[in-house]
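Note that the structure is a prediction, hence the values are computed from the model and not measured.
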Amino acid sequence: MEELRKKMEERVHFIRQQMEQAAGQAGRAPEEITLLAASKTQSPETVALSAALPIDLFGENRVQELVSKFDAGAYGGKQVDMIGHLQKNKVKYAVGRARLIHSVDSLALGQVISKEAGKKGLCQDILLEVNIGREESKRGVFPEELPRLLEEICPLPHIRVRGLMAIPPVSAKEGQNRPYFSALRQLFVDIKSKKYDNVHMDCLSMGMTHDYVDAILEGATLVRIGTGIYGPRIYKEEMP
């Protein structure tokens, strides 16, 4: 475990250096950008080791993992976001544990989240997921559908829209995803300027291990990095 800890420490140090350089190049302060460790498939023991490193918070793709690691105290007191697709029948497990739900792409899901948050006396912060690359294999609303979704979700009493999230197409070359990141940033700015009720646009979640530098250059406030911290994922059987 000590060897693993050292490897993760080196990786996080490198990522932080890259983040700082990208922020400087973009004329931004490094403190403006949140480093989220995407801990999908990682054991509670590994996550607990990484919690001592200079990462800001964690992100899980599966509710089952979020619940088990949260309840085991694996995050070391740091917060955790729900970054993967959230099924409506599992919303009750995420609300109250997740700081932020990144993947809201429909009014129906927003309604379930608001209802569950109301039961728990909470206001759940969410991001709206945008299918910025218009890929059939990915979730999220198309950019032109975003205003309507905002208008539908804003009146819900127990959620608050904090920003946008997207996963652009897989890029083969450095810089290839910058147009997608730029387009999402423009949507973010446009929404912020319109001052919707119950919308506090302060989080632009974009960029992963292979393209987080480009995302920062284009305005990301949060990057989601898994492989870059933990190494290649080893997939296990789905949790029940």
Side-chain angles (χ1 to χ4, degrees), residues 1-26 28-84 86 93-94 96-103 125 127 162-163 165-167 174 177 181 202-236 239:
M1 293 296 278
E2 179 59 21
E3 182 180 351
L4 174 60
R5 188 197 65 79
K6 286 182 179 179
K7 282 184 179 179
M8 290 193 296
E9 185 175 34
E10 290 169 0
R11 291 166 182 157
V12 171
H13 178 69
F14 173 77
I15 290 165
R16 282 293 189 188
Q17 285 184 320
Q18 294 289 98
M19 290 175 66
E20 185 172 352
Q21 290 173 9
Q25 189 176 336
R28 304 171 62 197
E31 296 77 21
E32 294 177 19
I33 305 145
T34 298
L35 173 57
L36 177 150
S39 44
K40 174 183 176 181
T41 77
Q42 303 302 323
S43 69
E45 293 77 16
T46 297
V47 171
L49 279 179
S50 66
L53 301 176
I55 59 176
D56 297 309
L57 71 156
F58 292 90
E60 296 291 353
N61 287 70
R62 298 173 180 143
V63 171
Q64 297 96 322
E65 289 193 58
L66 188 153
V67 171
S68 63
K69 294 172 194 175
F70 183 96
D71 292 353
Y75 302 120
K78 293 183 176 179
Q79 293 180 305
V80 59
D81 288 1
M82 181 66 202
I83 61 176
L86 180 59
Y93 302 112
R97 290 183 173 92
R99 177 195 73 117
L100 189 61
I101 296 173
H102 288 225
S103 50
D125 288 330
L127 302 182
R162 294 287 299 275
M165 183 273 263
I167 304 173
E174 185 177 342
N177 273 343
F181 293 141
D202 60 2
C203 183
L204 186 56
S205 172
M206 60 185 190
M208 297 186 286
T209 295
H210 63 289
D211 58 11
Y212 67 91
V213 168
D214 288 334
I216 291 169
L217 291 173
E218 294 296 341
T221 68
L222 183 151
V223 292
R224 311 178 303 270
I225 301 181
T227 303
I229 295 172
Y230 298 107
R233 289 192 179 104
I234 300 173
Y235 287 90
K236 301 175 182 179
M239 298 174 66

With heavy-atom distances below 4.5 Å as the criterion, would you say the side chains of Met165 and Ile83 are in contact?
no

Rounded to the nearest 0.5 Å, what's the gap from NZ on Lys40 to OH on Tyr230? Could you check?
14.0 Å

Would Val213 and Glu174 count as a side-chain contact (heavy atoms from CB on, under 4.5 Å) here? Give the steps.
CA-CA 9 Å; Val213 168; Glu174 185 177 342; 5.6 Å; no

Run the ring pair (Phe, Tyr, Trp, His ring centres under 6.0 Å) test against Phe58 and tell me which residues pass, sequence neighbours left out.
Tyr75

A quick test of your reading: do over 12 heavy atoms of other residues, nucleotides or ligands sit less than 6.0 Å from CD of Gln18?
yes

Under 3.5 Å, side chain of Asp56 to main-chain N/O of Leu36, donor-acceptor pair present?
no

Closer than 4.0 angstrom, basic N to acidic O: yes or no for Lys6 and Glu9?
no

Criterion side-chain contact (heavy atoms from CB on, under 4.5 Å) on Lys7 and Arg11, from CA distance to verdict
CA-CA 6 Å; Lys7 282 184 179 179; Arg11 291 166 182 157; 4.1 Å; yes

If you take all heavy atoms of Ala215 and Gly207, which pair is closest and at what distance?
CB-CA, 3.5 Å

Rounded to the nearest 0.5 Å, how far apart are CG of Leu204 and CD1 of Ile216?
11.5 Å

If you round to the nearest 0.5 Å, how far is CD of Gln79 from CG of Leu57?
7.0 Å

Work out which heavy atom in Ala23 is nearest to a heavy atom in Ile33; give both atom names and the distance.
CB-CD1, 3.8 Å

With Ser43 as reference, evaluate Val47, Thr41, Thr46 under the side chain to side chain contact (heavy atoms under 4.5 Å, CB included) test and give the passing residue.
Thr46

Could you tell me the separation between the CD atom of Glu31 and the CD atom of Glu20, rounded to the nearest 0.5 Å?
8.0 Å

Ile15 CD1 to Met8 CE distance, which is reported to the nearest 0.5 Å:
11.5 Å

Short question: side chain of Lys69, backbone of Ser39 - any donor-acceptor pair under 3.5 Å?
yes

All pairs passing side-chain hydrogen bond (donor to acceptor under 3.5 Å, both in side chains) where residues 213-222 contributes a residue, at least two apart:
Arg178-Glu218

Taken to the nearest 0.5 Å, the spacing of Arg162 CZ from Leu100 CG works out to 6.5 Å

Which atom names give the shortest non-hydrogen contact between Lys78 and Leu53, and what distance separates them?
NZ-O, 2.8 Å

Give the minimum heavy-atom separation between Pro44 and Ala74, together with the two atoms involved.
O-CB, 3.6 Å

Which heavy atom of Phe70 sits nearest to which heavy atom of Arg97, and what is that distance?
CE1-O, 3.6 Å

For residues 222-229, run the donor-acceptor check on the side chains, cut-off 3.5 Å, and write out each pair with its distance to 0.1 Å, sequence neighbours left out.
unit_1 : atom_1 : unit_2 : atom_2 : d
Arg224 : NH1    : Ser205 : O      : 3.0
Arg224 : NH1    : Ser205 : OG     : 2.8
Arg224 : NH2    : Ala166 : O      : 3.2

I'd like to know whether CD of Glu3 has more than 12 heavy-atom contacts from other residues, nucleotides or ligands below 6.0 angstrom.
no

Looking only at heavy atoms, what is the nearest atom pair of Ile55 and Ala37, with distance?
CD1-CB, 3.5 Å

